[in-house]
Protein chains: 2
Amino acid sequence: MDPLPEDGESSRPRRRTRIQQRNVEAILDAALDVFSQAGFRAATLDAIAERAGLSKPNLLYYFDSKEAIHAELLDGLLDIWLDPLRALDADGDPQAQLMGYMRRKLDMSREMPRESRLFANEILQGGPRITDTLGGTLKALVDEKAAIIRGWTEAGRLAPVDPHHLIFSIWALTQHYADFEVQVRAVLGARDPFPEAETFLDTLYGRLLAPQG
Amino acid sequence: MDPLPEDGESSRPRRRTRIQQRNVEAILDAALDVFSQAGFRAATLDAIAERAGLSKPNLLYYFDSKEAIHAELLDGLLDIWLDPLRALDADGDPQAQLMGYMRRKLDMSREMPRESRLFANEILQGGPRITDTLGGTLKALVDEKAAIIRGWTEAGRLAPVDPHHLIFSIWALTQHYADFEVQVRAVLGARDPFPEAETFLDTLYGRLLAPQG
DNA sequence: TTATTGTTTGACCAACTGGTCAAGATCACG
DNA sequence: CGTGATCTTGACCAGTTGGTCAAACAATAA
């Protein structure tokens with residue numbers, strides 16, 4: 001019998017038994033490991049199954065297909081991933097808001113590097129499974145927040161900057177520490193990148209954003 | 001007969017016939033397409049062969065294995081990739097040197113996005129085929145240039161910044177426009193990212209690096 | 001207990017993948 | 001031209017991969 005019968009009405013992911021709860025969680029966690037390190041195509045169900053401590057047919061009892069696992073991961077993540085940007089508040093202090101956004105993104109890179117790499121892999125490969133979201137939800141959100149930033153600049157509360165590229169820069173700089181962690185650590189040796197990164201980014205955005213010259 | 005007999009003595013890649021010249025080039029170009037978009041494991045010899053206009057056995061007449069093609073690409077690229085950083089000159093004007101480095105990296109993202117993605121894929125997947133280089137050549141080069149930058153700062157010719165993270169920031173910001181091109185373009189719509197990016201990065205590093213406050 | 005539902009697995013399959021090989025086609029040069 | 005070297009390919013192979021299925025096993029409610 002179908003274990004997770006795509007509940008047509010309610011969108012609650014009601015998990016029926018505690019066995020399902022446990023196994024679905026284990027699968028998604030293992031899949032995050034594997035997909036984020038290998039990308040969709042190079043990831044194998046065998047690898048996910050092994051890491052989850054289940055047999056491959058057992059995986060496919062809980063999820064229809066490899067695609068379905070990947071899709072559930074991406075869906076669940078897109079929301080979390082954009083939350084910090086959603087929190088950018090037009091009524092707050094411009095510099096504090098942007099510094100806070102940057103710091104939250106850096107925190108996510110430190111605490112959720114697998115998620116960061118999952119997205120990076122997806123985008124690198126042309127984002128075939130999220131192009132809709134990119135041109136839809138994401139673009140809308142970025143445009144909205146860019147307008148807020150432009151407002152701040154025009155009010156003289158922020159140094160003049162291209163708002164879109166300011167946002168890109170925050171993505172690039174913070175996610176770099178997760179996506180290119182291997183490289184960063186190889187260059188830094190034993191040093192922990194993150195405290196240094198936070199100091200550096202504070203300086204960088206402090207100097208970039210302070211109004212006046 | 002072996003087409004490219006690993007010339008033991010001379011390190012010149014002397015290609016004997018023009019057929020070899022043409023086909024090896026076609027293979028490497030096709031392989032760059034495929035590897036940069038899919039990553040090593042997900043790339044297939046069939047895909048490379050098709051794009052190169054050759055049969056799969058014919059590919060393997062010119063290269064011993066899939067690994068060999070990938071290795072030749074990475075080898076050839078690592079040099080080119082680090083050239084802009086090598087060019088950073090201790091005797092030049094600090095700001096001009098760093099701005100020049102940043103612009104050259106941005107140019108490379110615009111003109112060699114496939115190469116950028118090839119590296120990104122490799123690093124994202126843990127860099128199994130270049131860990132030696134990362135902790136060796138790369139770390140040495142970065143440490144050397146970081147020392148130069150520190151010297152400039154201590155001489156008061158540059159605003160105080162962590163040199164390593166300054167270099168990371170240049171990598172992250174410039175390569176972002178190649179590696180995450182799909183996302184950037186989805187958000188910007190029809191606009192061409194690169195001219196805007198150059199202006200933005202000029203502003204950003206101008207404000208970050210200018211000595212004094 | 002028993003009937004029902006939920007869970008797990010070994011055996012299996014077709015498609016794909018990297019790679020081999022021997023035979024044939026083509027080229028360069030005396 | 002002829003001959004040896006270079007180039008190309010169809011057929012093939014073993015290992016991997018996503019996915020199926022029927023049968024066995026476990027949990028649970030009546």
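Lettering of chains follows the sequences in order, A, B, ..., and the numbering in each one begins at 1.
Atoms CG and CE, on A:Leu209 and A:Met102 in that order, are 9.0 Å from each other to the nearest 0.5 Å.
Phosphate proximity of C:dG6 to A:Gln20: absent, as no side-chain N or O sits under 4.0 Å from OP1 or OP2. Look at A:Tyr61 and you won't find any side-chain N or O under 4.0 angstrom from OP1 or OP2 of C:dT8. One finds no side-chain N or O of A:Asn58 lying less than 4.0 angstrom from the OP1 or OP2 phosphate oxygen of C:dT7. For C:dT8, one of the phosphate oxygens OP1 or OP2 lies less than 4.0 angstrom from a side-chain nitrogen or oxygen of A:Tyr62.
Remark: aromatic rings of A:Phe63 and A:His70 are distant, center separation not under 6.0 Å.
Using a 4.0 Å heavy-atom cutoff across all strands shown, B:Ala43 reaches sugar-phosphate atoms only and no base atom. Contacts of A:Arg22 with the nucleic acid, taken as non-hydrogen atoms under 4.0 Å apart, are absent. Looking at heavy-atom distances under 4.0 Å, B:Leu60 makes contact with a base. As judged by a 4.0 angstrom heavy-atom cut-off over every strand, B:Ala68 is placed among residues making no nucleic acid contact.
Each end of the helix from C:dT1-D:dA30 to C:dG30-D:dC1 gets its own axis from five base pairs, and the two axes differ in direction by 10°, given to 10 degrees.
Between B:Arg86 and B:Asp83 there is a salt bridge, since at least one side-chain N of the basic residue sits less than 4.0 Å from a carboxylate O of the acidic one.
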